[in-house]
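Atoms within a ligand are numbered from 1 in the order they appear, just like the ligands themselves. Just so you know, these numbers come straight off a predicted model, no measurement behind them.
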Amino acid sequence: MERIERMYIDGQWVLSRAGETRNVINPADGSVIATVAEGTAEDVQLAVAAAKRAFYEDGWMVAPPVERARLMFALADALEQQTDEFAKLETLNNGKALREAQFDVSDAVACFRYYAGLATKPHGQTYDVADPMQTLVVREPIGVCGQIIPWNYPLLMAAWKLGPALAAGNTVIFKSSELTPLTAIKLFQLIEGVGYPKGVVNLVLGAGNTVGQEIAENYDIDKVAFTGGTNTGRSIMKAATGNIKNISLELGGKSPNIIFADADLEAAVDWTLFAIFINQGEVCSAGSRLLLEESIHDQFLERLVERTKKIKIGPGLEEGVEMGPLISETHMNRVLEYIELGKREGAKLLCGGHRILEGNLEKGYFVEPTIFANTSPDMRIVQEEIFGPVLVVQKFKDEKEAIALANNTIYGLAAGVFTQDGAKGLRVIKKLRAGITWINAYNPTYNEAPWGGYKQSGIGRELGTFGFEEYTEVKQININLEPGPISWFENR
Ligand code: NDP
């Protein structure tokens, strides 16, 4: 009988109540690598009941911060000890190059350690209000949190979500993407192993429109945190209105990477490759629009195209591979449709533009790194998130035009500026409507600093103390230091 990977609900490894299963695919060759339980709304409801009980009755809401810290440090240690196993599994399921998966695991370990440390740091405030009252302000966990993550960074996004939620004392219903559940299942084995009390952390597997929808709607879930596409974020917002859930959304982007003529151009070419082609371009913050100052436009693109053509593409587990396959056949077709659209819209294809069908790659979902120039701001390939290895180039005359072009999308997640003029770099960044920005760099991310977007790129921030606070409520406590009647009404 085939082995079915299970969900983790109320401290038990369980099959779906409906008895359904789903095959998980290796995007490098289309083969089935696992069969997992496919949950439904009913499984979410069971997990919610367990999480509610763990929070209120079993006392997780008042568990000592030092205990929450101890468990999370232990989880980080356990994960670190299995770095290689997790990295290989992530590459097998997601497709990304193994060296990227290795970074993801160590980033996830660091994220858990950061939040384990933060668990013991919250402190309140006191206010000297009108005598004889004294006001205290304290932070408390929100309660039962639903968390929905995408397929592009399955393990790292789990750390970004679980780290702050559990450190702050919440209980969790966690859903990974149906396409990439394998490292989450393995992580929950560690969660069980280090001794999190039952019901505190629950893993429900299944599709977005069933399990995800129920998480967004369920009346007993107090907060929903989501990372994924903007349209899905919109539908989660609507579904969450029933009980006025606290929401945080980390959504899409079409982020500008602006290169001024006075930049170190060789370094800027190098960072540009990293900005758009890391993780096959399946990155929310990807620098997917390259804005080039007119005078360096042609020379910069010549060098960029030359280096792009040399990127080594193949199955992520193969030695030396720098870029793997896209996540699924459906997503690959979506990216290829955008490439065809770019041609129809009249953009000039400088390199790439096709699925790779050579050698052992024909069964996988490999797409060439692709660059379009001669674009205009109203083209759909310039405005819409493609979420693949597709870069669109825009030309600008001066600082003012660069800023106007950069801000001209519905998104506001990230932005980069390359210049050797320090004042200009900061001046431009201050005018960009984006939540995550870099000067003379693109994409490095730090657990200490807030991550999230302006405009339709989301609501709220992850990481850092900001990310922790997103999982807390603020309570004011007013104490009468001279207890006695207020005597507002005279009619005793
Ligand atoms: P989605 O945003 O739809 O998927 C992200 C997560 O949301 C998955 O766990 C998914 O579940 C879940 N989900 C889907 N529908 C619902 C729903 N109605 N209610 C609750 N949860 C739901 O991404 P897609 O895979 O469909 O990709 C579409 C586009 O979204 C991409 O091409 C890209 O542009 C963008 N995207 C952006 C990401 C980012 O980090 N900014 C990440 C992923 C995608 P499941 O997969 O199990 O069905």
Side-chain angles (χ1 to χ4, degrees), residues 7 20 22 24-25 27 36-41 43-44 93-94 146-154 156-158 160-161 173-182 184 203-218 221 224-241 245 247-255 278-286 288 326-338 365 367 380-381 383-390 409-414 435-436 443 445 451-453 455-459 462:
M7 306 183 283
E20 290 172 15
R22 171 189 295 271
V24 180
I25 306 296
V36 299
E38 171 83 353
T40 62
D43 299 296
V44 175
N93 193 173
N94 165 277
Q147 304 186 316
I148 303 171
I149 64 157
W151 39 259
N152 55 342
Y153 286 90
L156 189 57
M157 288 302 105
W160 284 25
K161 292 276 181 292
I173 323 299
F174 179 86
K175 172 188 146 22
S176 52
S177 165
E178 66 198 35
L179 300 174
T180 53
L182 299 188
L203 170 67
V204 183
L205 303 172
N209 56 10
T210 53
V211 168
Q213 183 74 18
E214 177 64 21
I215 289 175
E217 276 177 11
N218 191 290
I221 294 183
V224 61
F226 169 75
T227 300
T230 293
N231 284 333
T232 310
R234 235 185 286 281
S235 84
I236 286 177
M237 272 183 100
K238 284 188 195 136
T241 56
K245 275 186 187 60
I247 305 181
S248 40
L249 302 173
E250 204 270 87
L251 307 175
K254 192 74 182 179
S255 299
I278 187 177
N279 212 50
Q280 303 78 238
E282 296 167 326
V283 182
C284 54
S285 59
S288 51
L326 298 185
I327 188 65
S328 66
E329 189 169 9
T330 308
H331 185 59
M332 174 187 70
N333 287 334
R334 193 170 172 271
V335 171
L336 291 172
E337 276 164 28
Y338 268 112
Y365 314 127
V367 173
R380 282 182 55 202
I381 57 160
Q383 292 295 327
E384 297 176 18
E385 183 176 50
I386 299 174
F387 220 64
V390 182
T409 73
I410 60 166
Y411 297 110
L413 190 57
I436 309 152
N443 262 341
T445 308
W451 179 274
K455 302 198 284 185
Q456 293 186 35
S457 289
I459 298 177
E462 301 199 89

Between E250 and ligand 1, is there a nitrogen or oxygen pair with a distance under 3.5 Å? no

Closest non-hydrogen protein atom to atom 20 (C) of ligand 1, residue and atom name please, with distance? G212 C, 3.2 Å

May I ask which of T232, T180, V211 has a heavy atom nearer to atom 3 (O) of ligand 1 than the others do? T232

Please write down residue, atom name and distance for the protein heavy atom closest to atom 38 (C) of ligand 1. F387 CZ, 3.3 Å

From atom 48 (O) of ligand 1, is the closest protein heavy-atom distance below 4.0 Å? yes

Would G208 count as being in polar contact with ligand 1, using the rule that some N or O on each side must be under 3.5 angstrom apart? yes

4.0 Å heavy-atom contact, L179 with ligand 1: no

Check ligand 1 against L251 and write out every atom of the ligand that is under 4.0 Å from a heavy-atom position of the residue. 41 (N)

Where does S235 meet ligand 1, judged by heavy-atom distances below 4.0 Å: at the side chain, the backbone, both, or neither? side chain

Proximal atoms of ligand 1 relative to G252 (non-hydrogen, under 4.0 Å): 41 (N)

List ligand 1 atoms under 4.0 Å from I149, heavy atoms only on the residue side. 6 (C), 8 (C), 9 (O)

Out of S177, G229, S176, whose heavy atom is nearest to atom 36 (N) of ligand 1? G229

Could you tell me, atom by atom, which parts of ligand 1 come under 4.0 Å of a heavy atom of H331? 32 (O)

Residues at least two apart in sequence or cross-chain that pass side-chain contact (heavy atoms from CB on, under 4.5 Å) with T409, listed by chain then number, are K254, R289, Q383, Y411

Report yes or no: does Y153 have a heavy atom closer than 4.0 Å to ligand 1? no

Heavy-atom gap E282 to ligand 1 smaller than 4.0 Å: no

Contacts of E250 that satisfy side-chain contact (heavy atoms from CB on, under 4.5 Å) - sequence neighbours left out: T227, C284, L413, W451, E462

Check this for me - ligand 1, P150, N or O atoms closer than 3.5 angstrom, yes or no? no

Should you measure from each heavy atom of T227, which atoms of ligand 1 turn up under 4.0 Å away? 5 (C), 40 (O)

Could you tell me, atom by atom, which parts of ligand 1 come under 4.0 Å of a heavy atom of N152? 40 (O)

In ligand 1, the atoms that come under 4.0 Å of a heavy atom of I236 are 19 (N), 20 (C), 21 (N)

Specify whether the nearest protein heavy atom to atom 28 (C) of ligand 1 is under 4.0 angstrom away. no

At a 4.0 Å cut-off, with the gap strictly under it, does some heavy atom of G206 reach an atom of ligand 1? yes

Do any nitrogen or oxygen atoms of E385 come within less than 3.5 Å of a nitrogen or oxygen of ligand 1? yes

If you measure only the distance, is there a donor-acceptor pair under 3.5 Å linking the side chains of E214 and N218? yes

Atoms in ligand 1 flagged as close to Q213, the criterion being non-hydrogen separation under 4.0 Å: 18 (N), 19 (N), 20 (C)

Kindly confirm or rule out an N or O of I148 lying under 3.5 angstrom from an N or O of ligand 1. no

